[in-house]
Protein chains: 2
Amino acid sequence: MTLSSRDRLAIGELSARSGIAPSALRYYEELGLIRSERTSGGRRRYRRATLRRLAFIRVAQTIGLSLDEIRDCLADLPADHVPNAAEWETVATAWQRRIDARIADLERLKSKLTGCVGCGCLSLTRCALYNPADTAAGRGPGARFLLPSEDPPSV
Amino acid sequence: MTLSSRDRLAIGELSARSGIAPSALRYYEELGLIRSERTSGGRRRYRRATLRRLAFIRVAQTIGLSLDEIRDCLADLPADHVPNAAEWETVATAWQRRIDARIADLERLKSKLTGCVGCGCLSLTRCALYNPADTAAGRGPGARFLLPSEDPPSV
DNA sequence: GTGCAATGTCAAGTGCACTTGAGGTCAAGC
DNA sequence: GCTTGACCTCAAGTGCACTTGACATTGCAC
């Protein structure tokens, strides 16, 4: 039984178990999202808790966070030990709020589309999908509205 | 009253009314997402229906479609006239399915997080957020699971 | 008829999230 | 001892969705 299989993971093992390519793992480390120790020969060795961290990262990406934002999020979680209930609760509830907001965005969009089906979008002045854009004239360049309830990532 | 303000829009007007930069509009045209006619002097002139198309594009982006996918979607909508009820219905219902799938993904994630709060994530073998990743060992590199119900964009 | 903002093209640059390649090292197995 | 595969670093490349820059032209406003 090798050392890594006892309590530390080699990068290949971590990659296999997380589904994330070694190159990406090195990249995450470079960005400060994960950490590793090194063997005397210079190879990376990861704690098992890193797997949890990676699961976290992957989930965070699916709800639209950038790696930079994710790094900030991870600062709220312990890097080297299993988070306790209180630590989790803080982070998880903040995330749930974020997910809720995203779901609300999508529901809003869906109802707009429903309205469009109803109206047949025959009227430029009535279509909800169309008008939010058109009435944005003069709000300055690059204005994005309609969907993203763009509160800064607070978790 | 200028020609463009009568029934065609100059790129600056379209940009102001859509909130999308002129450079992006040219880029979209290059990709075949929108079309324009040209004045004798070579300037772009857009039909008003292009605004609707742009609203569509922006919405499609927020639900995660690439511009390539969006171009395919737009093929189902008339480029130059206001879509009729049947045309809209086809497209809009397909979109709603896609939105529903995305919402379901998020709900699934949310319930996983809820479970994590409950368990306090004190157990590596029990945490739902953690295990889907860890048990993926051997599924090949780059495997992504957990969230994306990855059906090809069919709308 | 002149000025100037808006627009045109084309090539190159940007930011993100990685991947790929070159060239070298480490370590388990025979 | 030697092979072989996993791993190392560093630089460069990739794909997407645009933006920026340089330089030329157009056309409305005075």
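Order of the sequence lines fixes the chain letters, A, B, ..., with proteins taken first and strands second; residue numbering starts at 1 for each chain.
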TODO: Rounded off to whole Å, could you give me the OH-to-C1' distance for the A:Y28 and C:dA17 pair?
DONE: 8 Å
Open item on the list: Pick the closest DNA chain D nucleotide for B:I57 and for B:G41 by heavy atoms, then say which residue is nearer the 5' end.
Closed with: B:I57
TODO: State whether B:R71 and B:D68 are salt-bridged, where the test is any N-O pair (Lys NZ or Arg NE/NH1/NH2 against Asp/Glu carboxylate O) under 4.0 Å.
DONE: yes
- [ ] Assess whether one donor atom and one acceptor atom, taken from the side chain of A:R43 and the base of D:dC8, lie less than 3.5 Å apart.
- [x] no
Open item on the list: Distance check needed: D:dA17 C1' versus B:R58 CZ, whole Å only.
Closed with: 16 Å
Open item on the list: Rounding to an integer number of Å, can you tell me how far B:E29 CD sits from D:dC18 P?
Closed with: 15 Å
Task: Base-contact (B) and sugar-phosphate-only (S) positions in nucleotides 9-16 of chain D, heavy-atom cut-off under 4.0 Å, - elsewhere - done: B-------
Task: Rounded interatomic separation in angstrom, taking CG from B:L14 and C1' from C:dG8 - done: 16 Å
Open item on the list: So if I take every side-chain heavy atom of A:A24 and compare against D:dT19, C:dT19, C:dA17, which nucleotide ends up nearest?
Closed with: C:dT19
- [ ] Grab the CD1-P distance between A:I34 and C:dC18 for me, whole Å please.
- [x] 11 Å
Task: Euclidean distance, atom CG of residue A:L31 to atom P of C:dA17 [Å, nearest integer] - done: 8 Å
- [ ] Could you state the atom-to-atom distance from CD1 of B:I20 to C1' of D:dT19 in whole Å?
- [x] 15 Å
Open item on the list: A:E30: which residues meet the side-chain contact (heavy atoms from CB on, under 4.5 Å) condition with it, sequence neighbours left out?
Closed with: A:Y27
Open item on the list: Tell me whether the side-chain N/O atoms of B:S23 come closer than 4.0 Å to OP1 or OP2 in D:dT20.
Closed with: no
TODO: With DNA chain C as reference, determine whether A:L25 or B:G12 sits nearer its 5' end, using the nearest nucleotide of each.
DONE: B:G12
Open item on the list: Going by salt bridge (Lys or Arg N to Asp or Glu O under 4.0 Å), name the residues that satisfy it together with B:R43, two or more places apart in sequence or in a different chain.
Closed with: none
Open item on the list: If we ignore hydrogens and angles and just use 3.5 Å, is the side chain of B:S18 paired with the main-chain N or O of B:L14 as donor and acceptor?
Closed with: yes
Task: Atom pair CZ/CG of B:R26 and B:L31 - distance to nearest 0.5 Å - done: 14.0 Å
Task: Partner set under side-chain contact (heavy atoms from CB on, under 4.5 Å) for A:E29, not counting sequence neighbours - done: A:I34, A:S36, A:R38, A:R44, A:Y46
Open item on the list: How many whole angstroms separate atom CD1 of A:I11 from atom P of C:dC18?
Closed with: 14 Å
Task: Non-hydrogen atoms of B:L67 and B:Q61 that approach each other most closely - done: CD2-NE2, 3.6 Å
